[in-house]
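Each chain gets a letter, A, B and so on, in the order its sequence line appears, and its residues count up from 1.
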2 protein chains.
Amino acid sequence: MKSKIEALPDWRSSCPLSSALDLFGDKWSLLIVRDLAMHGPRTYSQFLAADEKISTNILASKLKVLEEFGLIEHLNPDASSRGNPYKLTEIGAELAPVGLAFREWALKHLGDIHPQMTHLPIAIK
Amino acid sequence: MKSKIEALPDWRSSCPLSSALDLFGDKWSLLIVRDLAMHGPRTYSQFLAADEKISTNILASKLKVLEEFGLIEHLNPDASSRGNPYKLTEIGAELAPVGLAFREWALKHLGDIHPQMTHLPIAIK
DNA sequence: CCGCATCCGTTACGATACTG
DNA sequence: CAGTATCGTAACGGATGCGG
């Protein structure tokens, strides 16, 4: 019984895509998933060190909803948060195709308006 | 020479996923692409009639950036906007895998917290 | 220190009324 | 019909504080 969801979104419609966007239609959630998919388990501080420079309150709130909806969880569920990295659940890992599709599209079509873009998904820190 | 981009995003990083989210990391852009992918060319009023009930100012602003970045264009480029539907460009159409990946994930994992969700991508209007 | 929470200014969103 | 203008609300983002 891991579902302790505080507030469900106000679903805009019955469309699956729309519903996914009700949950992850922001600029940060998929980047958190990306970091976990690329690096494996990752702590709060490590997320903060990513190139995109998320601020602490935003990170905390995004981690909370991702955890509420079962996409991420602490590596050691019984330990305290300190130094206890997050990891992807199986459900969270299955978001990978979304990120990869975005990535493919961006690499193919964003190069001319964003020359610094690299094929590397993220710099290793 | 179709690139008349007013304001490029402040790219947060060189990561392709991050860059895609800089452009489309919101709750509406992909739904506009969805409507065009499902229904073909579609007018302003038809977008407004979708289940998600986007408001007029948001729709106008999203259409503008999608057009600026070459994802959509008017069906008849030389005519006025009135009754002139938007259609996907080839670049825009290539966002389809992103929407489909989101859709697959949602259908697989969102059913229990969103029972009304249907396998239909969108109601035909 | 590390993982947040709080405060607060700024920006984006959203409903509605309105215009050509 | 295809958008703007307006204005209230919610989300974001930086700085800072605080408990463990």
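- The aromatic ring centres of A/Trp105 and B/Phe24 sit less than 6.0 Å apart.
- For B/Gln116, the CD atom counts as densely surrounded, since its 6.0 Å shell holds more than 12 non-hydrogen atoms of other residues, nucleotides or ligands.
- Comparing A/Arg12 and A/His74 by the nucleotide of DNA chain C that holds the closest heavy atom to each, the one mapping nearer the 5' end is A/His74.
- Put simply, CG on A/Asp22 is 15 Å from C1' on D/dA11, counting in whole angstrom units.
- Heavy atoms of B/Ser81 sit under 4.0 angstrom from primed sugar atoms or phosphate atoms, though from no base atom.
- Residue A/Arg42 contributes atom CZ, which lies 12 Å from atom P of C/dG3 at whole-angstrom precision.
- Straight-line distance from the CG atom of A/Asp26 to the C1' atom of C/dT11: 16 Å, rounded to whole Å.
- Each of A/Ser61 and A/Arg82 lies near DNA chain D, and the nucleotide nearest A/Ser61 is the one positioned closer to the 5' end.
- Within the structure, a side-chain polar atom (N or O) of A/Tyr86 is placed less than 4.0 Å from OP1 or OP2 of C/dC4.
- Within the structure, a side-chain polar atom (N or O) of A/Trp28 is placed less than 4.0 Å from OP1 or OP2 of D/dG13.
- Spacing between atom CD1 of A/Ile58 and atom C1' of C/dG3 amounts to 16 Å, rounded to whole angstrom units.
- The CG-P distance, from A/Leu63 to D/dC12, rounds to 13 Å in whole Å.
- Residue A/Thr43 is in sugar-phosphate contact alone, with no base atom involved, counting any heavy-atom pair closer than 4.0 Å across all strands shown.
- With hydrogens and angles ignored, a donor-acceptor pair under 3.5 angstrom links the side chain of A/Thr56 to the base of C/dA5.
- One atom, CG of B/Asn57, and another, C1' of C/dC18, lie 13 Å apart when rounded to the nearest Å.
- For C/dT16, the base has no donor-acceptor partner in the side chain of B/Ser55 [N/O atoms by modelled type, under 3.5 angstrom].
- By the 4.0 Å N-to-carboxylate-O rule, B/Asp26 lies close enough to B/Lys62 to be salt-bridged with it.
- For the pair A/Lys62 and D/dC12, the criterion of a side-chain N or O lying under 4.0 Å from OP1 or OP2 is met.
- Salt bridge A/Lys27/B/Asp22: absent, no basic N to carboxylate O contact under 4.0 Å.
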>> Let's go through B/Asp51 and A/Arg12 carefully: what are the C-alpha distance in whole Å and the side-chain angles of both, what is the deciding distance for side chain to side chain contact (heavy atoms under 4.5 Å, CB included) to 0.1 Å, and is it a yes or a no?
In response: CA-CA 7 Å; B/Asp51 281 347; A/Arg12 289 174 293 175; over 6 Å; no

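- When rounded to the nearest whole Å, the span between CG of B/Leu21 and P of C/dA12 equals 16 Å.
- The nearest whole Å value for the distance from the CG atom in B/Leu48 to the C1' atom in D/dT4 is 14 Å.
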